[in-house]
Amino acid sequence: MPEVRAALRSGLRYAAEEIMARDKYQQKLTPAKVALELGISVRQLHVLFEHAELTFARTLASMRTSQARRLLVERPALPVTEVAYACGFDSLARCYRLFTGAYGMAPGEFRAAGSLH
């Protein structure tokens, strides 16, 4: 039944997103690790995200950039490098690229703009 399959996919995607939210700080969080925890194949995991708004990788990047944004505001003394690694980014360059793509400015610029208000 298509409705049952859709409900199962939705539930598994929700569970995958919960695992990702819990473990987003781990730089080595991979689709394989999430799939293993769910008891499904990596291909099945990617299929779960086919009908979602974002892919697995983009969902994880969004979670990490959102966390970085929070830390930049809540912990103004924390260097951007530490924020990046604390949020699970594997490099400072990747953090800057994804953060700038999401918010239209680099993390340091975001922090400076926030302190002006």
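In this text the structure is predicted, and so the values were computed from the model without any measurement.
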Chi angles and distances behind the salt bridge (Lys or Arg N to Asp or Glu O under 4.0 Å) call for Glu3, Arg9: CA-CA 10 Å; Glu3 301 86 19; Arg9 274 194 307 271; over 6 Å; no
Test log, rule side chain to side chain contact (heavy atoms under 4.5 Å, CB included), inputs Thr59 and Thr55: CA-CA 6 Å; Thr59 299; Thr55 64; 5.9 Å; no
Residues Asp90, Tyr85; criterion side chain to side chain contact (heavy atoms under 4.5 Å, CB included); working and verdict: CA-CA 7 Å; Asp90 57 358; Tyr85 292 116; 5.9 Å; no
Step-by-step side chain to side chain contact (heavy atoms under 4.5 Å, CB included) determination, Met63 to Asp23: CA-CA 10 Å; Met63 290 176 177; Asp23 296 343; over 6 Å; no
Salt bridge (Lys or Arg N to Asp or Glu O under 4.0 Å) between Arg22 and Glu37, worked out: CA-CA 12 Å; Arg22 180 192 72 207; Glu37 188 166 334; 2.8 Å; yes
Working for side chain to side chain contact (heavy atoms under 4.5 Å, CB included), residues Met20 and Val34: CA-CA 7 Å; Met20 294 163 69; Val34 175; 4.2 Å; yes
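Among all heavy-atom pairs drawn from Leu38 and Ala15, the shortest one is CD2-CB, 3.6 Å. Nearest heavy atoms, Met105 versus Ala113: SD-CB, 4.3 Å. Scanning all heavy atoms of the two residues, the minimum distance from Ala86 to Leu71 falls at CB-CD1, 4.2 Å. The minimum heavy-atom distance linking Gln44 with Ser41 is given by the pair OE1-N, 2.8 Å.
To the nearest 0.5 Å, the span separating CG on Leu48 from NE2 on His51 amounts to 9.5 Å. Going from atom OG1 of Thr65 over to atom CG of Leu98 covers 7.0 Å, rounded to the nearest 0.5 Å. Between atom NZ of residue Lys24 and atom OG of residue Ser62 there is a gap of 10.0 Å, rounded to the nearest 0.5 Å. For the atom pair CG (Leu60) and CZ (Phe89), the distance works out to 8.5 Å, reported to the nearest 0.5 Å. We find the OH-CG distance between Tyr103 and Leu72 to be 9.5 Å, quoted to the nearest 0.5 Å.
A salt bridge does not link Arg13 with Glu18: none of the charged nitrogens is closer than 4.0 Å to a carboxylate oxygen. For Glu17 and Arg58, the salt-bridge test fails: no basic side-chain N is under 4.0 Å from an acidic carboxylate O.
Enclosure of atom CD in Glu53 is not indicated, since only 12 or fewer non-hydrogen atoms of other residues, nucleotides or ligands lie within 6.0 angstrom.
Residues Tyr25 and Arg64 have side chains not in contact (no heavy-atom distance under 4.5 Å, counting atoms from C-beta outward). With contacts defined as side-chain heavy-atom distances shorter than 4.5 Å, the pair Lys33/Thr30 qualifies. You'll find the side chain of Val83 reaches within 4.5 Å of the side chain of Cys87, heavy atoms only.
With 3.5 Å as the limit, one finds a donor-acceptor pair spanning the side chains of Arg70 and Gln67.
Put simply, Leu12 and Phe49 are part of the same group of oily side chains (I, L, V, M, F, W, Y) that touch within less than 4.5 Å, one to the next. Leu54 and Leu45 sit in two unconnected hydrophobic clusters of ILVMFWY residues. Membership requires side-chain heavy atoms under 4.5 Å apart, directly or through other members.
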